[in-house]
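Scroll down for the structure; my scribbles are underneath it.
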Amino acid sequence: RKLSFLGFQIIYRNSLMLFIGIAIGIIVGFILKGKITNLAELKLQGFSLILLSLAVQLVILATPLAAWPWLVQNGNLIYMISMSVLLLGLLYNRQYGWSFWLIIIGTACNIVVIAQNQGAIPVDLDKLSLASGETVASIAQKFAEHSELSYRTPLTAASQLGWMGDVLYIPLPLFDSNVYSIGDMIISIGLAAFVIKTMLGHFQPKPKKTSSKDSDIETPTHTPVPLG
């Protein structure tokens, strides 16, 4: 069984905006004479939680397990939990300042929308049709069949916080286009800024300064004074 249409979205098209944010950060970092080696030296905390979350999402959305009836019925709860684990892993790195906080805020925005819509993010089918090249009717039919787990759900009048869902159609001339959420855009901007700041050495450990005055001071010696 091949990767599903809906699962393919999360492992490729949805990742593009994140990769573009990282790529822009690297390009700007080079222009500003930053060092890409600083990225390799960066020590992120909570990395195991981030990897665990992404691995779970990959397994439940982009493998044959996505068609498992039990997972079709309960997988959106698992997806929402995995997103919460991802947020927890990101929060371990809040000390990296405003750029990383953008990544955290963007992720939190997506989680809020997902939680308000039974574990799936609303997507504008008209704009998804523009991005994928499929007809709205074809896409709507796939959602209606509900034969496999999807992290998306059609945007309707009943959708909660629909404006925060996947409603931003962004054509990418050199890549497959997709529909993104406001949260996705905030994450991408945060990634670009974080990469730039890292390459410029903003998060490098500062060497301890030794005071020159301390090194010049000699330890005083006591000369015994005779009594009497």
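Leu130 and Leu16 are assigned to two separate hydrophobic clusters, defined by single-linkage of ILVMFWY side chains at heavy-atom distances under 4.5 Å. With hydrophobic clusters built from ILVMFWY side chains whose heavy atoms lie under 4.5 angstrom apart, Ile31 does not share a cluster with Ile22. Residues Ile139 and Val72 do not share a hydrophobic cluster, clusters being chains of Ile/Leu/Val/Met/Phe/Trp/Tyr side chains in contact below 4.5 Å. Both Ile36 and Leu42 are members of a single hydrophobic cluster when ILVMFWY side chains are connected at heavy-atom separations under 4.5 Å.
Using a 4.5 Å cut-off on side-chain heavy atoms (C-beta onward), Trp101 and Leu91 make contact.
Nearest heavy-atom pair, Leu125 versus Ala140, reported as atom, atom and distance to 0.1 Å: CD1-CB, 3.9 Å. Ile26 and Val195 get closest at one heavy-atom pair: N-CG1, 3.6 Å. Heavy-atom minimum distance, Val113 versus Met164: CG2-CB, 3.3 Å. Between Val179 and Arg152 the shortest heavy-atom distance is O-NH2, 2.8 Å. The shortest heavy-atom contact between Ile121 and Ser181 is CD1-CB, 4.1 Å. Of all heavy-atom pairs between Ser188 and Gly21, the closest is OG-CA, 3.4 Å.
Thr198 and Asn38 form no side-chain donor-acceptor contact under 3.5 Å, judged by distance and modelled atom types alone. A donor and an acceptor atom, one from each side chain of Ser53 and Gln57, are located under 3.5 Å apart. Between the side chains of Asp126 and Ser129, no donor N or O sits under 3.5 Å from an acceptor N or O.
Here the CG-OG distance, from Leu61 to Ser150, works out to 7.5 Å after rounding to the nearest 0.5 Å. Here CD1 of Ile114 is found 8.5 Å from CE of Met80. Values are rounded to the nearest 0.5 Å. Taking CG from Leu87 and OG1 from Thr107, the interatomic distance works out to 6.5 Å, rounded to the nearest 0.5 Å. With values rounded to the nearest 0.5 angstrom, Ile105 atom CD1 is found 11.0 Å from Trp98 atom CH2. How far NZ of Lys33 is from CG of Leu200: 12.0 Å, rounded to the nearest 0.5 Å. In this structure, CD1 in Ile24 is found 14.0 Å from CZ in Phe19, a value given to the nearest 0.5 Å.
Taking the six-membered ring where the residue is Trp, Tyr151 and Tyr79 present tilted rings, their angle falling between 30° and 60°.
Ring-centre distance between Tyr180 and Tyr169: not below the 6.0 Å cut-off.
Here the side chain of Lys197 pairs no donor or acceptor atom with the backbone of His202 at under 3.5 angstrom. Formation of a donor-acceptor pair under 3.5 Å by the Asn117 side chain with backbone atoms of Ala120 is not found in this model. Judged purely by atom type and a 3.5 angstrom limit, Asn76 uses its side chain to pair as donor or acceptor with the backbone of Gly119. Listed for the Asn93 side chain is no donor-acceptor partner under 3.5 Å among the backbone atoms of Leu44. When atom types are taken as modelled, the side chain of Ser159 and the backbone of Leu155 share no donor-acceptor pair closer than 3.5 angstrom.
Surrounding CD of Gln118 are at most 12 heavy atoms belonging to other residues, nucleotides or ligands under 6.0 Å away.
Between Lys142 and Glu148, no side-chain nitrogen of the basic residue sits less than 4.0 Å from a carboxylate oxygen of the acidic one, so the salt-bridge criterion is not met.
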>> Working note: Phe194 + Phe203, criterion ring pair (Phe, Tyr, Trp, His ring centres under 6.0 Å); need CA distance, chi angles, decisive distance, verdict.
In response: CA-CA 10 Å; Phe194 180 66; Phe203 307 123; 5.4 Å; yes
